[in-house]
Colleague: 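Sharing a structure, written as structure tokens. Questions coming.
Chain letters run A, B, ... following the sequence lines, proteins first and then strands; every chain starts at 1.
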There are 2 protein chains.
Amino acid sequence: MKLDRQQKRTTIYDLAELAGTSASAVSAVLNGNWKKRRISKQLAEKITRIAEEQGYALNMQASLLRREKSHIIGMIVPKYDNRYFGSIVELFETMARDKGFFPLITCTRRDPALEIEAARAMLSYQVDCVIATGATDPDRVTELCAAAGVRTINLDLPGKLAPSIISDNFAGARELTRRILVSCQHRFGSMEPLMFVGGRGGDHNTMERLRGFRQAHADHEIHLDDDRVIACGYAPEKAQSALMERATSGLPFSKGMFVNSTITLEGVLRWVRLAGPVSEQEFALGCFDYDPLVALLGDNIEMVRQDVPAMLARMFELIEHGNFEPNVSEIPPVLR
Amino acid sequence: MKLDRQQKRTTIYDLAELAGTSASAVSAVLNGNWKKRRISKQLAEKITRIAEEQGYALNMQASLLRREKSHIIGMIVPKYDNRYFGSIVELFETMARDKGFFPLITCTRRDPALEIEAARAMLSYQVDCVIATGATDPDRVTELCAAAGVRTINLDLPGKLAPSIISDNFAGARELTRRILVSCQHRFGSMEPLMFVGGRGGDHNTMERLRGFRQAHADHEIHLDDDRVIACGYAPEKAQSALMERATSGLPFSKGMFVNSTITLEGVLRWVRLAGPVSEQEFALGCFDYDPLVALLGDNIEMVRQDVPAMLARMFELIEHGNFEPNVSEIPPVLR
DNA sequence: AAATCTTGCTTCATCGATTGAGCAAATGCG
DNA sequence: CGCATTTGCTCAATCGATGAAGCAAGATTT
């Protein structure tokens, strides 16, 4: 890799030499506490000018080595390429910056090994705090970080060892299910039990959404068999092939479907396309996730939007109050 | 901010003490060149074991301070919350990691000031290289980095001072326009001139796409007035209000539209919704961008997918060959 | 047996910024 | 004028990891 530096970087010692002063004075001026260190205004201005002329950039590595807190805040995220996590990451960066943190983000593509590796890398970079978003094994991350004295917060998926901020999956799923059922009633004249597609049976969110899904059926006194639930994972391909199999299996099939994320929705729609004569107009879909373009194009697709701004606001609140008790904050999602 | 470290971190000195050896030996063992430094296998194993027991994590700040290359590779990106940039960032991270780099990514929300600030922060973190993706002023970034001896590469939008990797916007736009025109022919029986919505008149991609747009009209001998072009920026709100105005302005309006990104498409579709009786079925849309859900749901929406894997492959090729000549690589986009 | 080589470590300076301690000159006070 | 205080700065240790240089003990050669 030919990435050799072109020239040596300017340091505070170079600046000190040019200004005819000491590195210590330069440091004090450039990091803003020259008043506290009783540097004269003249010298401060001179140093600032020379630093600018020389295009000086602080060596963060050296600086952080001396300081106790890095103000780096790490976030581990399963995917970028998705409107939900994309908006989490984008807003997280903005808010972190506003609050004086330096955000360090890593995408783990739902790979548990990468999650741990990423956490380890963050510890090496001396992060002050790690946010584990949608982590497969958040407690593992918490343990690892705790060993280095670093606090963690879980986002989107909860853990037992650190505070967790998640959507109110039960209430959201119950209401979403209700809406799909109503839509079935309107469009097909009857309320059949729905199918539940996507997610992992073991993950907390899927379990809670299933509970809401079941509750909504119970609310309408609709009997729901367990075999209507297809928790085949989130990936589009898995949903697609699961539906393919299902359709040819002889098991009962529903026109109404609860889809567990836009990622999964992609697979469901692809299946609809391939399924031939039937268009998505023939289905009543609901998705526990939000995508503005789907909201505009999918006429029969109900959506639940997780309240990302509220979740992140709550997260920074916890950080600011130093509240790291392992309890769960449930944020109500938004239905359009 | 209550993010105080819980306990002191384990250092190589602690490990040295525990192992009854020197910090230097510990360092040699843990960074893998103990053979070169002639440390015995026994001691190496002992140190490794103790390091593991203690949950030791390298202090990257200290390590980087000593090394000449950081192997950190920075990327500046305008948005995360978008399928195109989302996939760029996700694939960039994966590829960078595979090639032994540590990816550091910052989102600037198309704010030129933030772009510069982000570049400066990256220099502070001693990045070996900066990728400016879709930057408003890539040359400014290149100049800033060059002053610190750091190379840059432009992605998505070209600059004059560093190598640039962009889509073949002209060819892509020409073909996309052709397809929209053909679709108009099929669906409405005639080929009217299309409208061009979104993008900034000054940006290279928009200019090239406009050139392709015009060429395709010329190919079909369709006269195109300049007032069919609405380069109102990328933001959905801007496109929406621009179309609103346009519709009531008395200027000619087309059923066929070339939309400059999925971000802009959001505004166009929102306008279609509000425009009342007319549904998007009444339009022939084409979008210079790709979103899998739009591809599935938007029956009348042609899409051009920029070839992100090819662009990034080319980018890492440049890095590996140390090729930092300021020339432009055009990557053909993919039409479905 | 002396000379040389090899093995397996340790010592110490270094990277660049930070900060407590210290010191000389200027100023204030009685 | 003499002493205390304030002002404006410098010195030097330090953060943790790295690696060149050095050194002692054992192995090998002549």
Side-chain angles (χ1 to χ4, degrees), chain A residues 5 7-47 51 54-72 123-128 148-149, chain B residues 5 7-47 51 54-72 121 123-126 128 148-149:
Chain A
R5 194 130 295 149
Q7 68 253 38
K8 238 185 121 287
R9 306 274 294 256
T10 311
T11 71
I12 51 169
Y13 296 92
D14 303 328
L15 296 181
E17 181 121 44
L18 285 167
T21 180
S22 71
S24 155
V26 174
S27 169
V29 168
L30 295 182
N31 68 30
N33 55 11
W34 52 280
K35 286 215 155 148
K36 198 166 59 192
R37 292 193 55 102
R38 298 191 309 224
I39 306 288
S40 66
K41 199 165 191 174
Q42 299 167 55
L43 183 56
E45 277 163 5
K46 185 177 180 188
I47 290 175
Q54 299 295 313
Y56 170 80
L58 174 70
N59 183 325
M60 210 44 132
Q61 260 73 46
S63 177
L64 290 181
L65 185 55
R66 267 319 303 270
R67 303 205 305 235
E68 36 20 317
K69 284 165 76 183
S70 68
H71 294 276
I72 302 178
L123 292 179
S124 280
Y125 280 93
Q126 310 296 110
V127 292
D128 281 343
Chain B
R5 194 130 295 149
Q7 68 252 39
K8 238 184 122 287
R9 307 275 291 256
T10 311
T11 70
I12 52 169
Y13 297 92
D14 302 330
L15 298 181
E17 181 120 44
L18 286 167
T21 180
S22 71
S24 161
V26 174
S27 168
V29 168
L30 295 182
N31 67 30
N33 54 10
W34 53 280
K35 285 213 155 150
K36 200 165 58 191
R37 310 262 327 259
R38 296 190 313 223
I39 306 289
S40 67
K41 198 166 192 172
Q42 299 167 54
L43 183 57
E45 277 163 5
K46 184 177 181 189
I47 289 176
Q54 300 295 313
Y56 169 79
L58 175 69
N59 183 325
M60 210 44 129
Q61 261 74 46
S63 177
L64 291 180
L65 186 55
R66 272 314 307 268
R67 302 204 306 232
E68 35 23 312
K69 284 164 77 182
S70 67
H71 293 279
I72 302 179
L123 292 178
S124 280
Y125 279 92
Q126 311 296 108
D128 281 344

Colleague: Protein within reach of the bases, or only the backbone? For nucleotides 14-21 of chain D, mark each nucleotide 5' to 3' as B, S or -, using heavy atoms under 4.0 Å.
Modeller: BBBBBBB-
Colleague: Give me each pair satisfying side chain to side chain donor-acceptor pair (under 3.5 Å) with a member in residues 55-67 of chain B, each pair once, sequence neighbours excluded.
Modeller: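 Those involving residues 55-67 of chain B are Ser63(B)-Arg67(B).
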Colleague: Taking Arg9(B) for its side chain and Leu123(A) for its backbone only, find out whether a donor-acceptor pair lies under 3.5 Å.
Modeller: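 A pair under 3.5 Å: yes.
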Colleague: Before giving the answer on side chain to side chain contact (heavy atoms under 4.5 Å, CB included), spell out for Gln126(B) and Leu64(B) the whole-Å C-alpha distance, their side-chain angles and the decisive distance to 0.1 Å.
Modeller: CA-CA 8 Å; Gln126(B) 311 296 108; Leu64(B) 291 180; 5.8 Å; no
Colleague: Set out, line by line, the N/O atom pairs under 3.5 Å between protein and nucleotides 4-6 of chain D.
Modeller:
none

Colleague: Taking five pairs at each end of the helix from dA1(C)-dT30(D) to dG30(C)-dC1(D), what angle separates the two helix axes (nearest 10°)?
Modeller: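 Both end axes considered, the difference amounts to 50°.
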Colleague: Hey, could you give me the NZ/CD distance between Lys41(B) and Glu45(B), rounded to the nearest 0.5 Å?
Modeller: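 The distance works out to 6.0 Å.
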Colleague: For residues 14-30 of chain B, tabulate all N or O donor-acceptor pairs below 3.5 Å that involve a side-chain atom, not counting sequence neighbours.
Modeller:
| unit_1 | atom_1 | unit_2 | atom_2 | d |
| --- | --- | --- | --- | --- |
| Asp14(B) | OD2 | Thr11(B) | N | 2.9 |
| Ser22(B) | OG | Ala25(B) | N | 3.2 |
| Ser24(B) | OG | Arg37(B) | NH2 | 3.2 |

Colleague: Where do Ala44(B) and Ile39(B) come nearest, in terms of heavy atoms and distance?
Modeller: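 Scanning both residues, the minimum pair turns out to be N-CG2, 4.3 Å.
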Colleague: What pairs with Lys36(B) under side-chain contact (heavy atoms from CB on, under 4.5 Å), at least two apart in sequence or on another chain?
Modeller: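 Per chain and number, Lys36(B) pairs via side-chain contact (heavy atoms from CB on, under 4.5 Å) with Asn33(B).
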Colleague: For a quick check of understanding: with a heavy-atom distance under 4.0 Å over all strands, which category does Leu43(A) fall into, base, sugar-phosphate or nothing?
Modeller: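 Sugar-phosphate contact only.
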Colleague: When you list every nucleotide of DNA chain C with an atom under 4.0 Å from a heavy atom of chain B, which one comes first 5' to 3', and which comes last?
Modeller: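 Contact boundaries, 5' end first: dT7(C) to dG16(C).
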